[in-house]
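Just below is one structure, and these are the notes that go with it.
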Amino acid sequence: MTSETERRFRNDLLEWGRKNRREYSWREPDRTLYEVFVAEFFLTQTPADNVETVYSEFLGQFPSLDEIVEASEDELAEAIEPLGFQNMRASALKQIASSHDHLPTEPELLMELPRVGRYVANATLCFARGDRLPVLDRNVERVYSRVFRDTWPESEAEQFAFTERLVPDEARAYNLALLDFGALICQTEPLCEQCFANEYCIYFRELEE
DNA sequence: AAGACGGGGAG
DNA sequence: CTCCCAGTCTT
């Protein structure tokens, strides 16, 4: 069951995203599953601009899992050094490439890989293939907990169910817009005056009381 | 469900 | 230096 407000938010967000989506290398059309995975794997706990500085060069040096198998952990760590967490990430990439010829396309199988949780798995499959999966990080949680303050659940499992229900068929556009909206408008200090949802956002309504 | 982890960044 | 943070891992 989808409420009128949920439907409205979904449409407003998609429209906002068409005009305000941010451009990043990994969002270019025809990126492979591997290329998108690399980006999402690097983007956790790392600012996007930071990832941009190493992304293209990394893909040039390691265009597929095959090249990662051949590389040493030190070589990998050196290539991603500016990102931080380089040893942890190099080790995980090495383990992934050593055990897989290709990345799986089921979220549960992706999540079996080291350092790949629900966020990276769903984001990778949604952004690379358009799979209709919920993408839920702290930014998204902040957005939903404000706009739908009265119905947004406490538990993680219920939050995923809530989010899954809202994701439309245009999952890629929707989830990208959701992340950008959380980063640009619904920030920790939100810019409610310029927010499209300020007519029905519960957080904003309570602010005004 | 709660805390640990590893390490970056702000103050 | 201390505190906070975000996603994953561990219990």
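Just so it is clear: chains get the letters A, B, ... in the order the sequence lines come, proteins before strands, and each one is counted from 1.
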Starting at CG of A:Leu113 and ending at P of C:dG7, how long is that distance when rounded to a whole Å?
18 Å

Which one, C:dC9, B:dG6, B:dG9, comes nearest to the side chain of A:Arg115?
C:dC9

d(CD1, A:Ile80; P, B:dG6) in whole Å:
17 Å

Pick base, sugar-phosphate or nothing for A:Asn87, based on heavy-atom distances below 4.0 Å to the nucleic acid.
nothing

Should the pair A:Arg132-A:Glu164 be classified as a salt bridge under the 4.0 Å nitrogen-to-oxygen rule?
no

CZ of A:Arg138 versus P of C:dC5: gap in Å, rounded?
9 Å

Distance-only, no hydrogens or angles: does the A:Arg142 side chain make a donor-acceptor pair with backbone N or O of A:Gly182 under 3.5 Å?
yes

The side chain of A:Val120 lies closest to which of these nucleotides: B:dG8, C:dT8, C:dA6?
C:dT8

Rounded to the nearest angstrom, tell me the gap between atom CZ in A:Arg142 and atom C1' in C:dA6.
12 Å

Kindly point out which of B:dG6, B:dG9, C:dG7 is positioned nearest to the side chain of A:Tyr119?
C:dG7

Taking CG from A:Leu136 and C1' from C:dT8, how many angstroms apart are they, rounded to a whole number?
14 Å

If only atom types and distance count, is the side chain of A:Gln86 paired as donor or acceptor with the main-chain N or O of A:Glu81 below 3.5 Å?
yes

Roughly how many Å is it from CG in A:Asp49 to P in B:dG8, rounded to a whole number?
18 Å

Need one value for A:Pro114: base, sugar-phosphate or nothing, where a base atom within 4.0 Å counts as base even if backbone is also close, heavy atoms only.
sugar-phosphate

Got a sec: does the CD of A:Glu52 have more than 12 other heavy atoms crowding it under 6.0 Å?
yes

Nearest to the side chain of A:Ser155, heavy atoms from C-beta on, is which of B:dG7, B:dA1, C:dT8?
B:dA1

For the pair made of CZ in A:Phe85 and C1' in C:dA6, what is the distance, rounded to whole Å?
8 Å

May I ask you to decide whether A:Arg146 forms a salt bridge with A:Glu206, counting only side-chain N to carboxylate O separations under 4.0 Å?
no

Whole angstrom value for the distance that separates C1' of B:dA2 from CD of A:Glu154
14 Å

